[in-house]
There are 2 protein chains.
Amino acid sequence: MAVDTALLTLDPADPELSVLQVRRTDGPGWALPGTFLHPGERLADAVERSLRTKADVRGLRPRQLRVYDDPARDSRGWVLSVAHVEVVPIRRLDSRRPRDTRLVPVARPGRLGFGHAEIIARAAQEVRDRYADRPDPDHLLGRQFTLGELHRVHQAVAGRPLQRDGFRRLMKPLLCPTGHLVTRTGGRPAELFRRVSNP
Amino acid sequence: MAVDTALLTLDPADPELSVLQVRRTDGPGWALPGTFLHPGERLADAVERSLRTKADVRGLRPRQLRVYDDPARDSRGWVLSVAHVEVVPIRRLDSRRPRDTRLVPVARPGRLGFGHAEIIARAAQEVRDRYADRPDPDHLLGRQFTLGELHRVHQAVAGRPLQRDGFRRLMKPLLCPTGHLVTRTGGRPAELFRRVSNP
DNA sequence: CAAATAGTGTCTTTCAGACATTATGCT
DNA sequence: AGCATAATGTCTGAAAGACACTATTTG
């Protein structure tokens, strides 16, 4: 019994939804981070453990995607894997080891074994669905942000342009205005917003 | 490692979405049909096996819901369970043993252990989502049916009345007219339809 | 002023909800 | 005729797509 995780993030330099991959220890190539489940361990704890040791990321709320149970999936034997998806802002990945990890756009995941390409595709779809009608539910942005910043993040997650005015009208009733203005780049100052109910 | 299945059906006498429960062998009360996974066995095969022995149902296409991994879930020890959902017409349950099984409306599942009530709620939601915009995807009806029959099935699955004319307009473009009319009860004869792409 | 970004107004199309009307068989 | 069911027509309001316009900053 194993867990595998598609850890997604946004690279601000290249605004595409990307997935963390780790160098395989048992052979050449890359794979999703994963681990075998310890006896009595919860799935979320195993995900946390695998990502803590491989990418130094903590405080996760992984979501299950599905179980992959094809007996031929893993050449080492019969391994059931519970696929998970998790989204973190890229600064949470700063402490990862660059030689043993890489970030790859989800649209071009490379050649992966274990059916990991399918997990990535499903993970990307899950995140896109989550972002379709909620303002940045996975906190890629901080507590406060402008509608322009939110717009760019949602476009990057969706992987396609989203109409600006329609996006504003959809998101504005879901946000809490702070009343503060901010000037980030040359242009009219933008209003800062917060998510509505935020821990 | 185990599988549990919410096997849903419609009782024509009482048009509510109902779930099959089996008498527990290790204690009093009722539970969802389930079994432990055999080594090397696929999840879908374990589901099929458990339902074949307990309800004499074959030819299933179970869908995964999620894994339940709470270590305190099963008092007998550490058991991960993959919950599944499956829908069959009630005639496929004719050969079940009446004393050891029962059909219960999903809205009132009774007192169940192992978190089975939550599985049932999630299963019902999954089926309702599937039925929201497709004509009877799980073949509760046969190959041919009238829009009135389809309407009654969808209402029973949804657990609430669905507007008749809106339902017709939504479903008609998804159906293939046969050109044949049929008179089932006193009233104007209805046209028979088929699903569009049907194996 | 020009460029860049933020914010608003408005038109059209589409679609769901709701109600009404017509069609055709049965007793 | 009267009832039951099937099928269609039409109005309205909400939401999405699309385009245009105004507002406010920097250089």
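Keep in mind that this is a model prediction, so the values were computed, not measured.
Within the 4.5 Å cutoff, no side-chain heavy atoms of Leu32(A) are placed close to those of Leu7(A).
Note on residues 172-182 of chain B: no pairs pass side-chain hydrogen bond (donor to acceptor under 3.5 Å, both in side chains), not counting sequence neighbours. Every pair passing salt bridge (Lys or Arg N to Asp or Glu O under 4.0 Å) that includes a residue from residues 5-22 of chain A is listed here, sequence neighbours excluded: Glu16(A)-Arg108(A).
Cation-pi check for Arg66(B) over Tyr68(B) is met; the charged atom lies under 6.0 angstrom from the ring centroid and within 45 degrees of its normal.
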Handout entry: B/S/- contact track for nucleotides 5-15 of chain D, protein heavy atom under 4.0 Å
Key = BBBBBB-----

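Between the CG atom of Leu162(A) and the C1' atom of dA18(D) there is a distance of 15 Å, rounded to whole Å. Remark: P of dG7(C) and CZ of Phe167(A) are 12 Å apart, rounded to the nearest angstrom. When the P atom of dA16(C) is taken as reference, atom CG of Asp133(B) falls 10 Å away, rounded to whole Å. For Gln163(A) and dT8(C), the CD to P distance is 16 Å, given to the nearest whole Å.
Residues Leu65(B) and Val82(A) do not share a hydrophobic cluster, clusters being chains of Ile/Leu/Val/Met/Phe/Trp/Tyr side chains in contact below 4.5 Å.
Of the possible donor and acceptor atoms, none in the side chain of Glu191(B) sits under 3.5 Å from a partner among the backbone N and O of Pro177(B).
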